[in-house]
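Since the structure comes first, as structure tokens, the remarks are kept for the end.
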Number of protein chains: 2
Amino acid sequence: MPELIPDPPRPTDAELEILTVLWSRGPSTVREVHEAIGFRKPTQYTTVLKLLQIMAEKGLVRRDEKQRAHIYEASQPCEWTQRQLAGDLLQRAFSGSAKSLMLGALSARRVSKEELAELRKFLDEYEKGTR
Amino acid sequence: MPELIPDPPRPTDAELEILTVLWSRGPSTVREVHEAIGFRKPTQYTTVLKLLQIMAEKGLVRRDEKQRAHIYEASQPCEWTQRQLAGDLLQRAFSGSAKSLMLGALSARRVSKEELAELRKFLDEYEKGTR
DNA sequence: AAGTTACTACGAACCTCTTCGTTTGTCAAC
DNA sequence: GTTGACAAACGAAGAGGTTCGTAGTAACTT
């Protein structure tokens with residue numbers, strides 16, 4: 001019978017930064033993650049290691065211990081986590097109003113005409129999908 | 001000369017919940033906030049008080065001490081904070097892609113046809129505004 | 001074999017967040 | 001004036017998050 005594994009919790013800020021690396025790089029060693037993080041802010045190797053260990057306990061990442069240098073991998077796809085985070089914020093800060101969220105996002109930073117067009121296209125496709 | 005006050009920090013989960021009450025009720029006493037919160041989850045009066053005191057230190061709320069029962073008020077308008085939160089998440093979890101954020105939000109919960117129409121209308125107006 | 005390097009594991013320190021019990025102060029009514 | 005109600009202030013405890021130093025261990029080099 002299938003193991004019943006609960007959804008991993010919402011990642012914290014530091015955890016999300018690591019997940020970002022794992023999503024873009026794919027399965028990686030601690031060293032690889034550490035190097036990627038190092039570009040953005042100086043961090044000790046063991047800090048990244050500890051974080052990854054804790055994330056493994058929480059179920060945010062999976063760990064392959066077959067090699068000496070363990071390989072870590074995000075347990076959930078990027079889109080899944082993004083959905084959690086967006087839905088969570090939508091609920092907590094925007095009382096569920098997608099329009100308000102959009103307004104907030106667009107006014108937070110300049111958005112190109114291309115991106116606006118993309119958004120429209122996306123709305124069309126979305127509507128078609130839920131018909 | 002004008003006091004140079006830094007922007008308040010990103011509110012935590014519990015703080016955001018209180019801010020929500022203040023935005024909808026307007027300036028309120030601790031008791032009023034406590035009652036409003038109590039509808040959603042049982043909480044001690046002093047917990048709300050402490051939270052508000054800390055939020056005042058952080059600059060998230062202003063406090064009027066003229067009355068015996070102090071009056072608290074959100075220091076920033078709802079829209080401002082929403083913009084911060086949306087921009088922050090956009091940056092941290094969506095690499096700045098407004099489209100991805102929208103996709104996440106829409107797939108997080110069902111959205112009515114009316115809301116979709118609203119979104120389109122909003123996009124049009126937004127484009128007009130940034131011409 | 002001894003020394004060097006690369007890795008994991010562990011533990012502790014420090015901070016923030018959240019919660020609540022207790023104390024202190026103020027005001028009004030009896 | 002004493003009492004009771006209601007308010008702020010304070011202190012502390014517990015949980016979680018973040019960081020890092022140190023220790024232990026396996027593999028590689030000479």
Side-chain angles (χ1 to χ4, degrees), chain A residues 6-22 27-73 81 84-85 88-89 92-93, chain B residues 6 8-22 27-73 81 85 88-89 92-93:
Chain A
D7 284 350
R10 169 156 62 108
T12 66
D13 288 4
E15 288 167 350
L16 183 57
E17 201 168 349
I18 287 186
L19 283 177
T20 302
V21 173
L22 291 180
S28 312
T29 64
V30 177
R31 181 145 307 274
E32 289 163 339
V33 174
H34 175 239
E35 271 170 19
I37 295 277
F39 279 110
R40 316 218 304 99
K41 65 171 168 188
T43 311
Q44 286 307 112
Y45 175 89
T46 53
T47 300
V48 177
L49 171 64
K50 182 74 162 187
L51 241 344
L52 278 166
Q53 287 171 341
I54 292 175
M55 292 169 75
E57 278 175 20
K58 292 187 185 176
L60 285 167
V61 299
R62 264 188 304 269
R63 174 164 63 174
D64 176 358
E65 311 184 358
K66 283 198 283 290
Q67 311 294 331
R68 185 159 96 92
H70 299 171
I71 308 266
Y72 290 88
E73 179 183 9
T81 303
Q84 300 294 307
L85 290 171
D88 179 67
L89 189 67
R92 289 206 339 276
Chain B
R10 169 157 61 108
T12 66
D13 288 3
E15 288 167 350
L16 184 57
E17 202 167 351
I18 286 186
L19 283 177
T20 302
V21 172
L22 291 179
S28 312
T29 64
V30 177
R31 181 146 308 274
E32 288 164 339
V33 174
H34 175 237
E35 270 170 19
I37 296 276
F39 278 111
R40 316 219 304 99
K41 65 170 169 190
T43 311
Q44 285 308 112
Y45 174 88
T46 54
T47 299
V48 177
L49 170 65
K50 182 73 163 186
L51 241 344
L52 278 166
Q53 287 170 341
I54 292 176
M55 290 169 75
E57 280 177 18
K58 291 187 186 177
L60 285 167
V61 298
R62 264 189 303 269
R63 173 164 63 173
D64 176 358
E65 312 183 356
K66 282 198 284 289
Q67 312 293 333
R68 185 159 94 91
H70 299 172
I71 308 265
Y72 289 88
E73 179 184 9
T81 303
L85 291 171
D88 178 68
L89 190 66
R92 290 206 338 277

[X] has an atom [atom1]; how far is it from atom [atom2] of [N], in whole Å?
{"X": "B:Q53", "N": "C:dC20", "atom1": "CD", "atom2": "P", "value": "15 Å"}
{"X": "A:L52", "N": "D:dT19", "atom1": "CG", "atom2": "C1'", "value": "14 Å"}
{"X": "A:L19", "N": "D:dG17", "atom1": "CG", "atom2": "P", "value": "13 Å"}
{"X": "B:I54", "N": "D:dA8", "atom1": "CD1", "atom2": "C1'", "value": "14 Å"}
{"X": "A:H70", "N": "D:dT25", "atom1": "NE2", "atom2": "P", "value": "15 Å"}
{"X": "A:L51", "N": "D:dG16", "atom1": "CG", "atom2": "P", "value": "16 Å"}
{"X": "B:D13", "N": "D:dG17", "atom1": "CG", "atom2": "P", "value": "11 Å"}
{"X": "A:E65", "N": "C:dT8", "atom1": "CD", "atom2": "P", "value": "10 Å"}

Closest non-hydrogen atom pair, [X] against [Y]:
{"X": "A:T12", "Y": "A:K58", "answer": "CG2-NZ, 4.4 Å"}
{"X": "A:T81", "Y": "A:P11", "answer": "CG2-CG, 4.1 Å"}
{"X": "A:R10", "Y": "B:D13", "answer": "NH2-OD2, 2.5 Å"}

Please determine whether a side-chain nitrogen or oxygen atom of [X] lies at a distance below 4.0 Å from atom OP1 or OP2 of [N].
{"X": "B:T47", "N": "C:dT18", "answer": "no"}
{"X": "A:K41", "N": "D:dT18", "answer": "no"}
{"X": "B:R63", "N": "D:dA7", "answer": "no"}

| query | For the side chain of B:R31 and the base of D:dC6, is some donor closer than 3.5 Å to an acceptor across the two? | reply |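 Between D:dC6 and B:R31, which were checked side chain against base, a qualifying N/O pair under 3.5 Å is absent.
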
Practice task
Give a yes or no on whether a donor-acceptor pair under 3.5 Å exists between the nucleobase atoms of C:dG11, that is its base, and the side chain of A:K50.
Solution key: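 Under the 3.5 Å cut-off, the side chain and the base do form a donor-acceptor pair.
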
What nucleotide, of C:dT19, D:dA8, D:dG21, holds the atom closest to the side chain of A:Q44?
->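 Among C:dT19, D:dA8, D:dG21, the one nearest the side chain of A:Q44 is D:dG21.
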
Please tell me which of A:R10 and A:T43 maps to the more 5' nucleotide of DNA chain D, matching each residue to the nucleotide holding its nearest heavy atom.
->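 Result: A:R10.
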
NA contact type, [X], heavy-atom cut-off 4.0 Å: base, sugar-phosphate, or nothing?
{"X": "A:Y45", "result": "base"}
{"X": "A:T12", "result": "sugar-phosphate"}
{"X": "B:T46", "result": "base"}

Heavy-atom check, side chain of A:L89 versus side chain of A:L85, under 4.5 Å: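 No, side chains not in contact.
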
field: NZ on B:K50 to CD on B:Q44, rounded to 0.5 Å
entry: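 Here the interatomic distance stands at 15.0 Å.
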
